[in-house]
Amino acid sequence: MRILVLGGDGYLGWPTALHLSECGHEVGVADNFVRRTYDHELGVQSLVPIEPLSIRVRAWQEASGKHVETYVGDLTDAEFTYRMIREFRPDAVVHFAEQRAAPYSMIDRAHAVYTQTNNVVGNLNLLYAIAETNPDIHLIKLGTMGEYGYPNIDIEEGWLEITHNGRTDRMLYPKRPGSFYHLSKVHDSHNIEFACRIWGLRATDLNQGIVYGQQTDETIRDERLATRFDYDAVFGTVLNRFVILAALGQPLTVYGDGGQTRGLLDIRDTVECIRIAAENPAERGEFRVFNQMTETMSVLEIAKLVADLHPNSVDVEHLVNPRVEAESHYYKVTHTGLVELGLQPHLLSDTLLTSLYGIADKYKHRADPAALRPSVRWRAAAEH
Ligand code: NAD
Ligand code: USQ
């Protein structure tokens, strides 16, 4: 298949592009490098050094003999988006290209507006480009488990059958997200479902949990193929961040009680889920939703696991929660769709954690201690 990976210079987009290429697909990647700009803005860098996209692509050609086409541009630029879709003629488009950090979206008004504009407008341009160029293209869109929030009922895969006053309908599962970033994904999901309904597009919305890990079978073939590994309090996600804090000899920063329970998955499962979704497309007119996660853990359980298995002594510290979120709640999620299509999950293991400790230890000198403590507070705008 011809598969275009948008956001292909990012943490997940790059390893996904390599995996799809390795599996025999013709792959193109697109990116505007804004993720590298956020690093400059925040004064941080990926703990593991990453090469520019042009060098990554050349290194992959050398390692595998396979070519990856690149498109440099911004999805909010409609002309760029249309041109890329027309030129590459994809069978499937994998859309990772959004601002993805909840704390970044909560810094202030400008960052909230930027996040929602970038994400919602980019996705809308893409929907139009697909509809007007070739409505048969399968859109595989990265959503997030946080779209659902943490309701006191079981979470289904995107849809919910509701009986009200004696009548029944199949509705989109109600959403109650916890940041302006997570809200942008809800807006995207609604726009995509509408496009499937009115134009007959085919789409898979992947409500992905928090990803951990840094290496895949493809990225380990050459140091120049490494993907990023974030540790700072804005972009570092909880498990990766705790591993790096442990390497630095810093306490693991559990926000509040730590009873926040989340869906997680290994980066090797992310790339495989995308392959599975691409090779088993949604039907025309179908808005298909998969909950892309393999296990659930609370933040405190993650901290304890990282601390217990670490060779050095590691403290766990409870901080006043900078976010507004439930610190103890019901959480039960259906996530059978991808497994039924063949996903064989890598569950979090001592071996994976030990290998991550090695990576964090090797590069810990690159971390800026000033970026470790959370500084973005959800309530800030309303505090005078
Ligand atoms: P990332 O920030 O590392 O990668 C996103 C890439 O998209 C970056 O390279 C960025 O430069 C690019 N991009 C952003 N806006 C763009 C635009 N307007 N035009 C062109 N390129 C643009 O993020 P990631 O961690 O790889 O996440 C990828 C996707 O997966 C995101 O949509 C995110 O919401 C979703 N997701 C990530 C996680 C996780 O744990 N990392 C979990 C669930 C869902
Ligand atoms: N947390 C801590 N201490 C920390 C960092 C985080 O207690 O040092 C807590 C947070 O308060 C939150 C949980 O850990 O309760 C997860 O935080 P996170 O930053 O790891 O994840 P989140 O903000 O939800 O965002 C990440 C990705 C995002 C993706 C989402 C998947 O950045 O792109 O959409 O995970 S999900 O959480 O399922 O919505």
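All ligand and atom numbering here is 1-based and tracks the order in the structure.
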Would you list the atom pairs, donor with acceptor, under 3.5 Å between side chains in residues 303-310 and any protein atom, with sequence neighbours excluded?
| from | atom 1 | to | atom 2 | distance (Å) |
| --- | --- | --- | --- | --- |
| His310 | ND1 | Asn312 | N | 3.1 |

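- Around ligand 2, the residues contributing at least one heavy atom under 4.0 Å from the ligand are Arg100, Ala102, Thr144, Met145, Gly146, Tyr181, His182, Gln208, Gly209, Ile210, Thr237, Val238, Arg241, Phe242, Thr253, Val254, Tyr255, Gln260, Arg262, Val299, Arg323, Glu325.
- Inter-residue side-chain proximity for Phe96 and Leu6 is flagged as unmet; no heavy-atom pair is nearer than 4.5 Å.
- Relative to the ring axis of Tyr212, Arg241 does not place its NZ or CZ within 45° and under 6.0 Å from the centre.
- Looking at Met293 and Arg262, their side chains never come closer than 4.5 Å, going by heavy atoms from C-beta outward.
- Remark: Arg284 engages Asp136 in a salt bridge, criterion side-chain N to carboxylate O under 4.0 Å.
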What donor-acceptor contacts under 3.5 angstrom involve side-chain atoms of residues 161-172, with partners at least two apart or in another chain?
| from | atom 1 | to | atom 2 | distance (Å) |
| --- | --- | --- | --- | --- |
| Thr163 | OG1 | Thr168 | OG1 | 2.9 |

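- Within 4.0 Å of ligand 1, protein heavy atoms belong to Gly7, Asp9, Gly10, Tyr11, Leu12, Asp31, Asn32, Phe33, Val34, Arg35, Gly73, Asp74, Leu75, Phe96, Ala97, Glu98, Arg100, Asn118, Leu142, Gly143, Tyr181, Lys185, Gln208, Gly209, Ile210, Val211, Arg228, listed by chain and number.
- Taking the ring axis of Tyr148 as reference, the NZ or CZ atom of Arg176 does not stay both within 45° of it and closer than 6.0 Å to the ring centre.
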Carefully, step by step, assess Asp368 and Tyr231 under the rule side-chain hydrogen bond (donor to acceptor under 3.5 Å, both in side chains).
CA-CA 9 Å; Asp368 176 0; Tyr231 67 91; 5.5 Å; no
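- Using a cutoff of 4.0 Å between basic side-chain nitrogens and carboxylate oxygens, Lys185 and Glu98 are scored as salt-bridged.
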